[in-house]
Amino acid sequence: MPELPEVETIRRQLEPLLRGRRLVDAWAFPHPKFTPALDAAGATVDTVSREGKYLLLGLGDGRDLVIHLGMTGSLRVRPQGEPGDPYVRAHWVLDGGGPDGTAAGAGHGAGEALEYRDVRRFGRLAVVRPGEHHGTLGVQGPDALDPALTDPAFWRALQGSRRALKTQLLSQRPIAGVGNIYADEALWRARLHPARRSVTRTQAAALLDALRAVLTEGVENGGTTLRDYRTVAGERGRNQTRLDCYGRAGEPCRRCATPLRRIVLDARSTTFCPVCQRR
DNA sequence: GTTGCGTCCTGGACGC
DNA sequence: TGCGTCCAGGACGCAA
């Protein structure tokens, strides 16, 4: 399930492949979540950016193509005419590149397409105009890796709700980009119980540090592949072998050797250490 | 406005 | 081998 590190890995790989190239044609699976792909046809990609889990392709005219990968979404650039994939939900035919030496300078040619693949169809696409917002993107908090987000600001954001700490992180409201895997990892590192409903300033600062650490390591390792996630190059991430908490229920805590416990919180599988992370 | 729950969606794991 | 059931979870809609 693509979270911030997975989306950032994809963004870094896509940028040199797409910048300066025109989306000369588009196709979309006939569902309202994917048909907005057609609105991007004819535009030229001038930026490839990310906000939380959203990937944004600047279309050169002030509009953005907003891509959310959901749980099983992925993006890849493939030669046109390769065998069909039933799980491709949209694709954009690419031209040979712009005149500024970006994609063209890298040797890309016509006959390629950007493909959006999403087996479970939890992802979504949108084209937004300047000032418009799309779903959660319009109301989510600052990006988790945004250096402008300070400890006091994060603490104040958490004070705005009495929901469980992990539920708040997954809501994207206090901070954007965190999903189930990295929430469990960060809470374990910060020694905070996922169902806590309040934190001190010190605990909030520790949690923000832990979030940034696990997300940065995730980016450095090319993301976490548990099942579906693949990079633009079709490779698996490497971070799944370095997880301390998520998915290790029943195994010993790497700090105190107590068996990690699994609970269901907010309908999400949650793993934590009952000794290190007291409520 | 906030909170909690149901829904969407399908491949894979598992039990019989 | 084949079938049925359960699980995974991000975002959104709806009711309380």
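Hydrogens, waters and symmetry mates are skipped; everything else that's a heavy atom, side chains included, is used.
- Of the side-chain N and O atoms in A:His68, none sit less than 4.0 angstrom from OP1 or OP2 of C:dG10.
- Among the atoms of the strands shown, only primed sugar atoms or phosphate atoms (P, OP1, OP2) are found under 4.0 Å from some heavy atom of A:Ser269.
- For the pair A:Ile263 and A:Thr271, the minimum side-chain heavy-atom distance is 4.5 Å or more.
- A salt bridge links A:Glu15 with A:Arg11: the closest approach of a Lys/Arg side-chain nitrogen to an acidic carboxylate oxygen falls below 4.0 angstrom.
- Ring pair A:His193/A:Phe272: centre-to-centre distance below 6.0 Å.
- Applying the 4.0 Å criterion to OP1 and OP2 of B:dT2, one finds that A:Arg162 has every side-chain N and O outside that range.
- At B:dT3, one or more side-chain N or O atoms of A:Ser161 fall inside 4.0 Å of OP1 or OP2 (strictly under the cut-off).
- In this model, the phosphate group of B:dT2 is not approached by any side-chain N or O of A:Arg163 to a distance below 4.0 Å at OP1 or OP2.
- Residue contacts for A:Arg117: at a heavy-atom cut-off of 4.0 Å it reaches no nucleic acid atom on any strand shown.
- Under 4.0 angstrom from either OP1 or OP2 of B:dC8 there lies no side-chain N or O belonging to A:His31.
- Between A:Lys166 and A:Asp266 there is no salt bridge, since no side-chain nitrogen of the basic residue lies less than 4.0 Å from a carboxylate oxygen of the acidic one.
- Distance, A:Arg124 CZ to C:dA11 P: 7 Å, rounded to whole Å.
- Between A:Arg173 and the phosphate of B:dG1, there is no side-chain N or O to OP1/OP2 separation shorter than 4.0 Å.
- Using cut-offs of 30° and 60° on the angle between ring planes, the pair A:Phe34 and A:Tyr116 is tilted.
- Heavy atoms of A:Arg197 sit under 4.0 angstrom from primed sugar atoms or phosphate atoms, though from no base atom.
- Distances shorter than 4.0 Å separate none of the side-chain N or O atoms of A:Lys33 from OP1 or OP2 on C:dA11.
- Residue A:Gln168 contributes atom CD, which lies 11 Å from atom P of B:dT2 at whole-angstrom precision.
- Residue A:Tyr246 is classed as a sugar-phosphate contact, given heavy-atom separations below 4.0 Å to backbone atoms only.
- At a cut-off of 3.5 angstrom, counting only N and O atoms as typed in the model, there is no donor on one side facing an acceptor on the other between the side-chain of A:Arg120 and the base of B:dG11.
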*In dot-bracket notation, what is the pairing pattern of DNA chain C, taking Watson-Crick (N1-N3 plus N6-O4 or O6-N4) and G-U wobble (N1-O2 and O6-N3) contacts under 3.5 Å, with [ ] crossing and | for other strands?*
.|||||||||||||||
